Participant: 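Take a look at this one; I'll ask things after.
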Amino acid sequence: AADKLMLEASIRQSAMSLKEKEFLLHHDNLNTVGTQAAVMAGFSVTALIEFGPLKDGNRILKFFYYNAVIIAMAANILCVVQTTCLSVKGTSLAMRGPYGSVAKAV
């Protein structure tokens with residue numbers, strides 16, 4: 001009976017170790033995506049402020065240029081916000097949640 005309990009505990013510990021590794025992989029990937037989106041948002045701000053179409057250029061071209069830059073910036077900021085929230089919420093759930101919350105967080 002003691003051997004069976006020890007084997008079950010060992011299996012649970014191994015499973016938890018695997019879930020922890022998987023969680024850390026997802027956490028690192030989310031941080032990487034968030035960082036890349038922040039850099040791209042910075043490029044979008046630079047494109048909005050520093051660059052632009054010609055002063056006497058076509059109005060339709062200017063319209064599409066500024067719309068594309070603003071949409072890109074908004075999408076990147078949204079990506080940063082969502083990856084940050086997901087990273088914080090997943091870590092919080094895994095650390096403070098009830099039994100089995102690590103599997104749910106992953």
Side-chain angles (χ1 to χ4, degrees):
D3 289 340
K4 182 179 177 185
L5 289 176
M6 189 169 215
L7 180 62
E8 286 177 356
S10 174
I11 289 172
R12 253 189 252 123
Q13 185 179 11
S14 296
M16 185 58 70
S17 175
L18 286 174
K19 288 291 181 187
E20 180 186 10
K21 288 179 182 177
E22 185 179 5
F23 177 79
L24 290 175
L25 174 70
H26 290 308
H27 187 267
D28 290 344
N29 288 342
L30 280 174
N31 285 339
T32 301
V33 169
T35 301
Q36 291 173 352
V39 169
M40 294 302 290
F43 288 154
S44 297
V45 170
T46 302
L48 188 63
I49 294 171
E50 297 293 329
F51 304 114
L54 298 173
K55 301 286 185 213
D56 56 346
N58 190 350
R59 291 183 68 187
I60 295 173
L61 180 65
K62 287 183 181 181
F63 173 78
F64 284 119
Y65 173 78
Y66 286 117
N67 276 336
V69 170
I70 289 171
I71 289 170
M73 184 175 57
N76 284 313
I77 290 172
L78 179 66
C79 182
V80 170
V81 168
Q82 287 182 341
T83 56
T84 301
C85 288
L86 188 58
S87 180
V88 169
K89 187 175 179 180
T91 304
S92 176
L93 178 64
M95 298 295 282
R96 298 183 191 104
Y99 179 76
S101 61
V102 173
K104 188 176 180 180
V106 169

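Computed from a predicted structure; not experimentally measured.
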Participant: I'd like to know if the side chain of Lys62 reaches the main chain of Lys55, judged simply by a donor and an acceptor atom lying under 3.5 Å from each other, with no hydrogens or angles considered.
Facilitator: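 Yes, the answer is positive, given that a donor and an acceptor are paired below the 3.5 Å cut-off.
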Participant: I'd like to check the side-chain hydrogen bond (donor to acceptor under 3.5 Å, both in side chains) partners of Thr35; sequence neighbours left out, ordered by chain and number.
Facilitator: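 Residues passing side-chain hydrogen bond (donor to acceptor under 3.5 Å, both in side chains) with Thr35: none at all.
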Participant: What distance separates Leu24 CG from Glu20 CD, expressed to the nearest 0.5 Å?
Facilitator: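 If we round to the nearest 0.5 Å, Leu24:CG and Glu20:CD are 5.5 Å apart.
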Participant: Is a donor on one side and an acceptor on the other found under 3.5 Å between the side chain of Ser17 and the backbone of Gln13?
Facilitator: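 Checked: no pair found.
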Participant: Is it true that a side-chain atom of Ser92 and a backbone atom of Val88 form a donor plus acceptor pair closer than 3.5 Å?
Facilitator: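 Not at all, since once roles are kept as given, no pair shorter than 3.5 Å links the two residues.
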Participant: Out of curiosity, does Tyr65 fall in the hydrophobic cluster containing Ile70 (side-chain heavy atoms, cut-off under 4.5 Å, transitive links)?
Facilitator: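 Ile70 clusters together with Tyr65.
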Participant: For Asn31, give me all partners under side chain to side chain contact (heavy atoms under 4.5 Å, CB included), at least two apart in sequence or on another chain.
Facilitator: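 Result, side chain to side chain contact (heavy atoms under 4.5 Å, CB included) vs Asn31: His27, Ser87.
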Participant: Not counting sequence neighbours, which residues clear side chain to side chain contact (heavy atoms under 4.5 Å, CB included) with Thr46? List them please.
Facilitator: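 Thr46 satisfies side chain to side chain contact (heavy atoms under 4.5 Å, CB included) with Glu50, Phe51 only.
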Participant: For Phe63, give me all partners under side chain to side chain contact (heavy atoms under 4.5 Å, CB included), at least two apart in sequence or on another chain.
Facilitator: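 Scan of Phe63 (side chain to side chain contact (heavy atoms under 4.5 Å, CB included), adjacent residues dropped) gives Asn67.
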Participant: Can you list, pair by pair, the side-chain donor-acceptor contacts under 3.5 Å of residues 1-11, counting residues two or more places apart and other chains?
Facilitator:
none

Participant: Determine whether Val69 and Ile49 fall in the same hydrophobic cluster, where Ile, Leu, Val, Met, Phe, Trp and Tyr are linked whenever their side-chain heavy atoms lie under 4.5 Å apart.
Facilitator: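 Result: yes, single cluster for both.
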Participant: Do you know the tightest heavy-atom contact between Val33 and Cys79?
Facilitator: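 Shortest heavy-atom contact: CG1-SG, 3.8 Å.
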Participant: Nearest 0.5 Å, what's the CD1-CG distance between Ile71 and Asn76?
Facilitator: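 It comes to 12.0 Å.
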Participant: Taking side chain to side chain contact (heavy atoms under 4.5 Å, CB included) as the test, write out the residues that go with Met73, two or more places apart.
Facilitator: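 Met73 satisfies side chain to side chain contact (heavy atoms under 4.5 Å, CB included) with Ser44, Val45, Leu48, Ile77 only.
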Participant: What distance separates Leu61 CG from Tyr66 OH, expressed to the nearest 0.5 Å?
Facilitator: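 Output value for this atom pair is 10.0 Å.
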